[in-house]
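These figures come from a predicted structure and were not determined experimentally. Letters go in sequence order (proteins before strands), and every chain restarts at 1.
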Amino acid sequence: MATAELDLPLDDTPASRFLAWLIGGLVFLAVLACAVALLAQGALDRLSERPRIVTVALPAVDDPAVGEAELARVRAALEDMSGVAWTAVVSEEELDKLIEPWFGVVAPEARAELPLPRLLDVRFQPGVVPDLTALARKVRAIVPNALIDETGPARGALEEAAQRLRWLGGGAGLLVLAVLVVVVVVVTRASLDLHDETVDLLRLLGAPDRYVARQFELHAMASALRGGSVGFAAALATVVGLVHLPTLWGLRLVPVVPRPLDWILLAMVPVLAALLITLAARFAAVHGLARLR
Amino acid sequence: MATAELDLPLDDTPASRFLAWLIGGLVFLAVLACAVALLAQGALDRLSERPRIVTVALPAVDDPAVGEAELARVRAALEDMSGVAWTAVVSEEELDKLIEPWFGVVAPEARAELPLPRLLDVRFQPGVVPDLTALARKVRAIVPNALIDETGPARGALEEAAQRLRWLGGGAGLLVLAVLVVVVVVVTRASLDLHDETVDLLRLLGAPDRYVARQFELHAMASALRGGSVGFAAALATVVGLVHLPTLWGLRLVPVVPRPLDWILLAMVPVLAALLITLAARFAAVHGLARLR
Amino acid sequence: MSTGSGMAVDGDRSGATILQLHGVGMRYGSADEVLRDIDLTINAGTFHYLVGPSGAGKTSLLRLMSLSVAPSRGRIVLFGRDVAMVERDELGRLRRRIGVVFQDFRLLEHLSAFDNVALPLRIGGADEEQISSYVSQMLAWLGLAERMEAKPAELSMGQRQLVTVARAVVTRPALLLADEPTSNVEPARVERLMFLFGELHKLGTAVVLATHSRELLRRWAFPVLHLDRGRLIRPVPAGRAAAE
Amino acid sequence: MSTGSGMAVDGDRSGATILQLHGVGMRYGSADEVLRDIDLTINAGTFHYLVGPSGAGKTSLLRLMSLSVAPSRGRIVLFGRDVAMVERDELGRLRRRIGVVFQDFRLLEHLSAFDNVALPLRIGGADEEQISSYVSQMLAWLGLAERMEAKPAELSMGQRQLVTVARAVVTRPALLLADEPTSNVEPARVERLMFLFGELHKLGTAVVLATHSRELLRRWAFPVLHLDRGRLIRPVPAGRAAAE
Ligand SMILES: Nc1ncnc2c1ncn2[C@@H]1O[C@H](COP(=O)(O)OP(=O)(O)OP(=O)(O)O)[C@@H](O)[C@H]1O
Ligand SMILES: Nc1ncnc2c1ncn2[C@@H]1O[C@H](COP(=O)(O)OP(=O)(O)OP(=O)(O)O)[C@@H](O)[C@H]1O
Ligand SMILES: [Mg+2]
Ligand SMILES: [Mg+2]
C-alpha cells in the first residue's frame, strides 16, 4: 500500500490503541529475560575459558625410584594429550597444606611414615573442556590405581547457577513472546469483529483476504514498532543500569559483563517480536476472514 | 418511562456492561467492610455489657481498727453509688497470689512485715461504664491516698482492637462507597461521550436534560440492582461463612455473633449504594449535558 | 409581500410569524461560511420548498432553523423568542414544537420502528396508550403496519425514510423542516407524504421542504426558496422553478 | 427475446451474458422470502432500470447480484461462473468486476472523499500515480474538486452520493449495480450521472439502476425490470413504466 492511511480505522478502537502499550510492556519483559539469559551465557563462557586444572593422584609406592619413573611416564603421556598446556608436580609444601586439615602440622619424620600420594596438576589450555575419561584411561594404563579429580571448588555450583539462569531467562523470554502472540491474535480477532461492516465493504469491493489481512498486519506491525522500540529502550536502560551499578551486585560471583554480541542479540528480540506480531496478526486475520464468504 | 427499552443503547458499551460487575465487586467490599464494623460494634456492646470490676487499694495503716473502719466507710460509700452491684474485700489468699510474682511465697510471719494494701473489688451492674473519676473522688474523700484501678487484664486491649476494627470497617465501607460514586461518574461521562450522536438527537427532539439524564440514571440503577444484589449475596455468604466457621477463629477473643439488627443494617448498604449510584449517574449526566447547548 | 426584515416569503394563509432569520451566516469549524446573509421570515400555515444544487447549504439552513447548530452571525427569532437569549429548558420546549425529517434519517438503531416514532411523544410526556394509538395509526397509514417491530437495519431505505417522516409529524409540530423527505420512496408513496404535509400545512403548520425533485415542484405548487452557494436568491414562483 | 431460462431481458446491443439468475429466492434470517422465483439474464452492454415500491426487494436483488448475500434457493451465474461453486479468491476477482452504488452509500468515515474513491483501485492493485489522476479527474468532473480531502461527515448528502457513484465507476466495471444513485442530487447533476452511466453502458458495461424517479425513466428510455413484493413482473416498455 502506497498510502499511510489504513482502510480500517484500527487506531480508533480502545483495544487496538492499547495494543502498542501492551506490546511495549511485553517486549520490555522479553528483552529483560533474554538479557538475563545472555549474561548468564556470557558468564558460563567466561568460566569455561578460564584454564581448567585436573589433579592426578598417584598412590604412594615404597621404592622412590619406581615412583619417579611412574611419575615421569604419566607426565610424558599427559603432556602428549591434546589440550593439555602443561603438568606440574605438587610440591611437598603444598601437599603439607593440603593434608593439614586432616593430620595437623606433620613433623618431617612423621611425614615420612605417611603413605602420601604424589599429586600432579594437569593444566588445560583455556577453553578446553577436559575429557576426564580419556585422561583416566591414559593414566591408569601406567598407574592402575591413580585417582583423577578436577580442582576449582565453587566452579561447579557457579556454573550450575549460571546455567539455570540461562534456561530461566531463555524460557521466560520465549514465554513472553508466546504471550505476545496470543495477545495479538486475540486483539486482532476482536477488532475484526468490531470492524465487520468495513471488512464487509472491503470484501464487497473485491478485496482478497490477504488485502484485508494486510490492514491488520500493518496495524500490528506499526504497534509493534512503536511499542517495541519503547519497550526495548526501557529494557536496555534497565539492563545497563543493573550491570553498571556494581553496588547492586553485592556478590559478584559470576562475571556479568555484556559483550558486544549480547547487545546485537538483544536488539534481535524486538525485531523477532515485531516479526512474530506481524505474522500472528496476519494469521489471526486470515483465519477470522475464512469464516466469511 | 413506561417502556423497558432505553433510548440510548447503554448496555452495548463495554464500559457500561462492565458497570454492573464493577458495582457488584464494590458492593461486596462495602458490605464486608460494614460487616466488620458492625461485628466489632457488637463485640464492643457485649464487652460493655459484661459487668465491670474496679479494684480500690487502700494503703496499709498501722492500726487494724482504723483500717477496718476506713474500709467499712469506703464500702458503704461505694455501695451507695449508682450502678455499683456490690463490693467485696479481696481475701488474704488472693492477695498472696497477687504478690507472689514480686515477693515469692511469703511466710505468714514475714507477711506481717509487708505493708500490704487492703484491696476492695467494686463490681458494677452489667452495662454500666464505671465513672472512675467520681469513684476516685468518693474514695479519696475517705482515704486520700487510695489507688483505683480497673481490673480485667486484656479487656482494654480487646476493646481497643474492636474499636479500631469498627473504625477501620466503617472507614473502608465509606471509602468503597466513595470509590463507587467516582466510578459511576466516570463511566457515565464516558458513555455520554460515546453516545453523543444519540444524545444530540434526543436533545434535537426537544428532550430536556432531565429526560436524557434519566436514561443514564435508569441504566445506572439497573446496573446497581443487578450488580449490587449479586455483590450483597456474595458478601453475606462470606460473612456467614466466616462467623459460623469457628475453626477459623483460633482466638475467639471477641464475641463475634451478628445480631438481627446487624443483618438489617447490612441490607441497607446495597440500598444506600444503589441510591448513591443513581444520584451519581444523574449528577454526572446533568453536568455533562450542561456543556452542550 | 415583504416585511420590514429583509426578504420575506409567505404562503397563501399567512398567520403569525414562526421563524425569522436576520443577516444570518454559518460556518463549519473555521472554514468559509456555507451560509451568508440569510434574511428570511416563515409564517404559520405557509409551505415553502427549499431548492438548490447539492452543497448549496439547504441542510445547513435547516440545521439552523431546527436549532441544531448556532449561526456564526446574525439573529434567529423562533416563535417570537431570540434563540441566542433563550434558557436551556426553554430551548427544549421550542424544539418540541419543531418536527425535523433528517436527510440522513438519524433513527436509533436499537429501537424498533414503533419506538423510533414514539420517541418524540415520550419525550413530550404523552401517555403510552395515546402513543400506541397515534404511532400505530401513523405507521399503518404509511404502509408500515407489518414492519412496526423491525429495527431500522431491517427496513428498506424507503421504509426508513417513512419512519423518519412519521417521527417528525407524529407530534403535529408548529414548524416542519423536511430535508428531502421523498428521495427514497416511490411515486405513490410520495403522494401520500405530500398529502400528509398538506394536511399539516392546512392545520397551520409552517412547512419547509428541501428537495431536488422537479416533479414535486411541478405537481404541488408552493413558493420556492432558492439557495445557491450559501445565499438565498429572490423567491421564484413555483411554476418557473420547476421549469428551470 | 426470451432465452431458455425463464424471463430474459436485454438491451439494444446485447452481447455476452454477464449475469443469470435461475429460480432464485432470498430471505433475511428465518423470515419469509423477500425475493421469490427470480429468473433473469443480464447481457453485456445492456441498461436496465429496476423499479418497484419501497420494500419490493430492489436492494435485496442488487445484493444478490453483487454477491453480498447468498440466495436461499436457485442459482446465480456471474461471468459464466456458478457463484455457489466459486473459490474464495475467485469470488474477489468476480466482485472486482462489479461496481456497486450502495443506497446507503457505505463510505468509510475516516477516509477522505479521495481515498474512498481510490479504494477499489488500490484493492485492484493500481499504481498510485494512475489512481491519483483517475480519482482526481473523476471527482473534478462530478464537481467535487474542492471537497476531495473532506471526510464523508463533512460533505452534503448529495456530495456523498456523488463520491459513492465515483467509487463504483472508477474501476470501469463490467457490471454496474446502482441503487438509487440520483436520489440526493439536483437535476443538473442527475444529467451528469446519467451521462456517465450512459458512457459506461456504451463501452459495454451492463448497468442495472434501481430508481423511484419517473423523470429518469421518462428522459432516458431503457428497459425496466419491475419488482413487486419480491417477484419480477413481465418487462415493461420504458414509456409505459414512466406513465404508470
Ligand atoms: N460537517 C461539515 N463540516 C464541514 N463542511 C460541511 C459539513 N457539512 C456540510 N459541509 C459543507 O457545507 C456545504 C453545504 O452543505 P449542506 O449539507 O448544507 O448542502 P445541501 O444543500 O444540503 O446539499 P445536498 O443537497 O447535497 O444535501 C457543502 O459544501 C458541504 O460540503
Ligand atoms: N436486514 C434485513 N432484515 C430483515 N428484513 C429486511 C432486511 N433488509 C430488508 N428487509 C426487508 O426486505 C424487504 C425488501 O427490502 P429491500 O431493501 O430490498 O427493498 P427495496 O425495494 O430496496 O426498497 P427501497 O426502495 O425502500 O429501497 C422489505 O420489506 C424490508 O423490510
Ligand atoms: Mg442536504
Ligand atoms: Mg432499496
Closest non-hydrogen contact found for A/A207 with D/I123 is CA-CG2, 3.3 Å
If one checks every heavy atom of D/L91 against chain A at 4.5 Å, the contacting part turns out to be side chain
Near D/R73 CZ, under 6.0 Å, is it more than 12 heavy atoms from other residues, nucleotides or ligands?
yes
ask   = Yes or no on side-chain contact (heavy atoms from CB on, under 4.5 Å) for D/L108 and A/L201, after CA distance, side-chain angles and deciding distance?
value = CA-CA 9 Å; D/L108 296 190; A/L201 177 70; 3.6 Å; yes
Open item on the list: Please check if the number of heavy atoms outside D/R189 that lie under 6.0 Å from its CZ is greater than 12.
Closed with: yes
Nearest heavy-atom contact between D/R88 and A/R203 is NH2-NH2, 3.4 Å
**Asked** Has D/F79 got more than 12 heavy atoms of other residues, nucleotides or ligands less than 6.0 Å from its CZ?
**Response** yes
Note to self: If you count heavy atoms of other groups shown closer than 6.0 angstrom to CD of D/Q130, is the number above 12?
What the structure shows: yes
Would you find more than 12 non-hydrogen atoms of other residues, nucleotides or ligands less than 6.0 Å from D/F195 atom CZ?
no
### Query
Taking C-beta and beyond as the side chain, do D/R95 and A/L204 meet within less than 4.5 Å on heavy atoms?
yes
Under 4.5 Å to a heavy atom of chain D? For A/L289 that would be both
Bottom line for D/V86: the part with an atom under 4.5 Å from chain A's heavy atoms is both
key: Neighbour count above 12 (heavy atom, 6.0 Å) for A/W167 CH2   = no
To the nearest 0.5 Å, atom CZ of D/R122 lies from atom CG of A/L205 at 13.0 Å
Heavy-atom nearest pair, D/R96 first then A/G206, reads NE-O, 2.8 Å
Applying a strict 4.5 Å limit to non-hydrogen atoms, the region of D/R97 in contact with chain A is neither
For D/D32, is the CG atom crowded, meaning more than 12 foreign heavy atoms sit under 6.0 Å from it?
no
